[in-house]
There are 2 protein chains.
Amino acid sequence: MSANSRMTVAVHVLTWMALVHGRGRDVVTSDQIATSVATNPVVIRRSLADLRKAGLVTVRHGAGAGWTLAREPESIALLDVYRVVHAEPLFALHHGEPNQACPVGRGIQPALRRVYVDTEEAVRRELAAVSIADVLRDTLAARSG
Amino acid sequence: MSANSRMTVAVHVLTWMALVHGRGRDVVTSDQIATSVATNPVVIRRSLADLRKAGLVTVRHGAGAGWTLAREPESIALLDVYRVVHAEPLFALHHGEPNQACPVGRGIQPALRRVYVDTEEAVRRELAAVSIADVLRDTLAARSG
DNA sequence: CCTGCTGTAACTGTTATTGTTACAGTAAGG
DNA sequence: CCTTACTGTAACAATAACAGTTACAGCAGG
């Protein structure tokens, strides 16, 4: 296992917040979330910082500080999370420029780019169809099943 | 840009082979392909070795050695290439096991796995619809456009 | 002013990837 | 059988991403 798990961590964070949100508590700390994810609070804070930039959570400073969901779990799609964690495209083009003197070297990048864009859009469509509320429901169902 | 470009390299390799295949020449060397991709022949040979394991190309040793497409370009889908280069899943689950004492920690992995599998399948559907022959056609069109 | 948590820099260990050199293995063709 | 030209692969370096960790300044509620 080497691939990045930022998507998983971010969804876990939001799902956990959605759970306590439903229970009426609204301000939670990175330490509490870190306990559920079983990692370091700084990792959680880094994830939350990104989620905040995207407007998915809000932060409160000072004593009694902590985090709150900025939207209802039903209105947060996994696509929103994907946008936060995936700066890099699914597939990378060549590291260096291919040989422009070769017909394939010259024309393949636009051709590939088109395919890659279509593929990314398929991913986005899939992730747009699932909300944090859906994940929470499935999570609680899986737990008891 | 850091993401892996193995998909791009493998498709480039096959597309180049499809081009010379159409021109009647059938045995090509890693050096020739490396010139088009503008990289080291060993990188190409590594890619070709993987493609060979999947049965997409065949190799000939000795003097006059080289590589040949094992199938017609129309019958090689980008999905076949994806299977070759993508050992790792699109999204990774947690690195360590999440807290099993927490309802979210306990149930989120099966819930996420389901979403991730669906997403991967969307990617596969997209890539299944495009062949190396399609890429070659688009590549030559892009070159002149 | 205390207190508790955030925000973030800095550093480590691990791992993937690309590029590179080097060299043994292999078989076609004279 | 020997030359030749290319494959197959190990080994290594450089780069970069990532997860995890420590440390500490900043902030605001009470």
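So you know, we letter chains A, B, ... as the sequences are listed, proteins then strands, and number each from 1.
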Can you tell me which nucleotide in C/dT21, C/dT8, C/dT18 comes closest to the side chain of A/Val42? C/dT8
Could you tabulate the donor-acceptor pairs under 3.5 Å formed by side-chain atoms of residues 37-51 of chain B, not counting sequence neighbours?
residue, atom, partner, partner atom, Å
B/Asn40, OD1, B/Val42, N, 2.9
B/Arg45, NH1, B/Ser30, OG, 3.2

How many Å lie between NE2 on B/His94 and P on D/dA19, as a whole number? 11 Å
Rounded to whole Å, how long is the line connecting atom CH2 of B/Trp67 with atom C1' of C/dT26? 13 Å
Examine distances only and state if a side-chain atom of A/Arg60 and a backbone atom of A/Gly64 form a donor-acceptor pair shorter than 3.5 Å. yes
Can you tell me if B/Asn4 touches the phosphate of C/dT17, counting only side-chain N or O atoms and a distance under 4.0 Å to OP1 or OP2? yes
Does D/dA5 have OP1 or OP2 under 4.0 Å away from a side-chain N or O of B/Thr29? no
Nucleotide D/dC18, atom C1' - distance to CD of B/Glu88 in whole Å: 13 Å
Figure out the CG/C1' separation between B/Leu93 and D/dA19, and round it to whole Å. 16 Å
Side chain to side chain contact (heavy atoms under 4.5 Å, CB included) partner of A/Val28, chosen from A/Val57, A/Val20, A/Leu69: A/Val20
Note: A/Pro98 and A/Gly105 closest approach over all heavy atoms is CG-O, 3.3 Å
Tell me: CZ of B/Arg6 to C1' of C/dG19, nearest whole Å? 15 Å
Among D/dA23, D/dC18, C/dT6, find the nucleotide with the atom closest to the side chain of A/Val59. C/dT6
Between B/Asp31 and A/Arg46, the residue closer to the 5' end of DNA chain D by nearest nucleotide is B/Asp31
So, OP1 or OP2 of C/dC5: does either fall under 4.0 Å of a side-chain N or O from A/Ser30? no
To the closest 0.5 Å, what do you measure between CD (A/Glu126) and CG (B/Leu90)? 11.5 Å
Could you run down nucleotides 24-30 of chain D 5' to 3' and tag each one B, S or - for protein heavy-atom contact under 4.0 Å? ---BBB-
Roughly how many Å is it from CD in A/Glu97 to P in C/dG19, rounded to a whole number? 14 Å
Donor-acceptor pair, distance only, cut-off 3.5 Å: does the side chain of B/Arg6 make one with the backbone of B/Val85? yes
Listed nucleotide nearest any side-chain atom of B/Val43, set C/dT20, C/dT6, D/dT22: C/dT20
Of all the choices, C/dT6, D/dG8, C/dG19, which nucleotide is nearest to the side chain of B/Asn40 once you look at every atom? C/dG19
Can you confirm whether the side chains of A/Glu120 and A/Tyr82 place a donor and an acceptor under 3.5 Å from each other? yes
To the nearest angstrom, the CD1-P distance between A/Ile44 and D/dA19 comes to 11 Å
Measure the distance from CG on B/Asp50 to C1' on D/dT9 and round it to the nearest whole Å. 13 Å
